[in-house]
Amino acid sequence: MKYPVNEVFETIQGEGSFTGVAALFVRLQGCPVGCAWCDTKQTWDVLAENKVSAEQVIQVDGTIGRWAEHTGATLINAFLEKGFTAKHIVLTGGEPCLYDLTEMTHDFIAAGYQVQIETSGTFEVKCHDAVWVTVSPKVNMKGGYKVLEQALVRANEIKHPVATEKHVEELDALLNGIDLTGKTICLQPISQKERATALAMKVCIARNWRLSIQTHKYLNID
């Protein structure tokens, strides 16, 4: 199966449970969710005029919204050709779960990589059973998509962006009835704002949850 890839780059995972881990980010093109604060809006549309050759999305600037078709196998070859050494792959977007990721994730895991998916939870998660799924629930966004129970149940980690008490209440409503055994719950302050950070810290301490800080923004890396 071919997937529309916006960019591939090697860096450090900046947030969530794998903070600080060397990682290969594979950013897929396409997302209808419509988050107001999205910092990758160039990935929203899969426009035919922005299609480029496969090598043009490897370790390059993806901000112009171009994309190329790749399979799991062609991406693995690209990793090797570029001399990438990270063994943790992050499938992100856009919204990666627009696509059935079963084939790609099987290819990666068979090749010895650890795989993580970062998703909004608004599309069914289809992937290898060994994949670490991070759901960052996007509630009441412009696209009108609902966060799916299937995504929350499949999640290994639920990482929720917060700025106000309302966002905590939204998370509580989503998690009502979900078995949280073995799941990591993270709160991530929106835009690193002081009030949001203070709120997230307070709730994490009270509930023994985890604070997720976007360390890549402090480090000024992708």
Side-chain angles (χ1 to χ4, degrees), residues 1-11 13-18 21 23-35 37-47 50-51 54 57-58 62-63 65-76 78-79 86 88-111 113-139 141 143 145-161 186 188 212 214 216 222:
M1 181 174 175
K2 294 181 178 180
Y3 301 85
V5 176
N6 168 264
E7 62 177 339
V8 176
F9 57 95
E10 190 171 46
T11 186
Q13 171 62 289
E15 58 191 47
S17 296
F18 291 98
V21 172
L24 291 167
F25 273 71
V26 176
R27 188 181 304 283
L28 300 186
Q29 189 79 9
C31 183
V33 178
C35 302
W37 63 81
C38 177
D39 56 6
T40 56
K41 290 183 179 181
Q42 75 276 5
T43 66
W44 287 8
D45 300 310
V46 186
L47 302 177
N50 287 340
K51 185 178 180 182
V57 297
I58 309 297
T63 59
R66 60 189 170 188
W67 60 276
E69 289 185 334
H70 270 285
T71 65
T74 62
L75 284 169
I76 291 167
F79 300 159
H88 182 76
I89 295 173
V90 181
L91 291 173
T92 187
E95 173 45 69
C97 290
L98 274 175
Y99 311 102
D100 184 340
L101 299 171
T102 304
E103 183 177 310
M104 176 182 278
T105 55
H106 270 78
D107 287 346
F108 289 157
I109 288 170
Y113 292 93
Q114 180 182 49
V115 183
Q116 176 185 8
I117 293 171
E118 294 184 339
T119 175
S120 64
T122 54
F123 292 86
E124 186 177 352
V125 181
K126 300 176 182 179
C127 63
H128 191 290
D129 288 344
V131 170
W132 178 276
V133 176
T134 299
V135 173
S136 184
K138 301 303 188 293
V139 182
M141 295 297 144
Y145 292 89
K146 302 293 185 183
V147 176
L148 301 182
E149 181 177 349
Q150 186 271 346
L152 295 171
V153 170
R154 176 60 182 83
N156 301 94
E157 172 182 42
I158 297 170
K159 177 166 60 67
H160 194 55
C186 302
Q188 185 161 289
S212 174
Q214 294 177 296
H216 54 288
D222 289 330

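Worth knowing before you read on, the calculation uses all heavy atoms, side chains too, and leaves out hydrogens, waters and symmetry mates. All residue numbers in this chain count up from 1 along the given sequence. As the structure is a prediction and not an experimental result, all values here were calculated from the model.
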request  = Under the side-chain contact (heavy atoms from CB on, under 4.5 Å) rule, what do R27 and T43 come out as? Steps first, then yes or no, please.
outcome  = CA-CA 8 Å; R27 188 181 304 283; T43 66; 3.6 Å; yes
request  = Might you work through the side-chain contact (heavy atoms from CB on, under 4.5 Å) test for Y3 and L75, ending with a clear yes or no?
outcome  = CA-CA 10 Å; Y3 301 85; L75 284 169; over 6 Å; no
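One finds the CZ atom of F18 at 5.5 Å from the CD atom of Q116 (value rounded to the nearest 0.5 Å). Rounding to the nearest 0.5 Å places NZ of K146 at 11.5 Å from CE of M141. Atoms CZ and CD1, on F9 and I58 in that order, are 11.5 Å from each other to the nearest 0.5 Å. Atom OG1 of T119 and atom CG of L98 lie 8.5 Å apart (nearest 0.5 Å). Residue T105 holds its OG1 atom at 9.0 Å from CG of D129, rounded to the nearest 0.5 Å. The structure places CD of E157 at 9.0 Å from OG of S136, a figure rounded to the nearest 0.5 Å.
Under the 3.5 Å distance criterion, the side-chain polar atoms of N6 are left unmatched by any main-chain donor or acceptor of W67. For the pair E69 (side chain) and K2 (backbone), a donor-acceptor distance under 3.5 Å is absent. Looking only at distances, no side-chain donor or acceptor of D45 sits under 3.5 Å from a matching main-chain atom of L47.
Side-chain atoms of E15 and S212 include no donor-acceptor pair closer than 3.5 Å. With hydrogens and angles left out, the side-chain atoms of Q13 and E118 include a donor and acceptor closer than 3.5 Å. Between W132 and Q114, the side chains place no donor N or O within less than 3.5 Å of an acceptor N or O (distance only, hydrogens not considered).
Of all the heavy atoms in C97 and I117, the pair that sits closest is SG-CG2, 3.9 Å. Nearest heavy atoms, V125 versus Q150: N-OE1, 2.9 Å. The shortest heavy-atom contact between T40 and G94 is OG1-N, 4.0 Å. Here the closest heavy-atom approach between residue Q29 and residue W44 is recorded as NE2-N, 4.4 Å. Here the shortest heavy-atom pairing between Y113 and A86 reads CE2-O, 3.6 Å. Closest approach of V90 and A23 over heavy atoms only: CG2-CB, 4.1 Å.
Salt-bridge check for E124 with R154: failed, with every basic side-chain N at 4.0 Å or more from each acidic carboxylate O.
With a 4.5 Å cut-off on side-chain heavy atoms, F108 and V131 do not count as touching. Counting only heavy atoms from C-beta outward, the side chains of V26 and H70 never approach each other to under 4.5 Å. Residues E10 and F79 are not in side-chain contact: their nearest non-hydrogen atoms beyond the backbone lie 4.5 Å or more apart. Put simply, the side chain of L28 reaches to within 4.5 Å of the side chain of V5, judged on heavy atoms.
Remark: R66 pairs with no residue by the side chain to side chain donor-acceptor pair (under 3.5 Å) rule, at least two apart or across chains.
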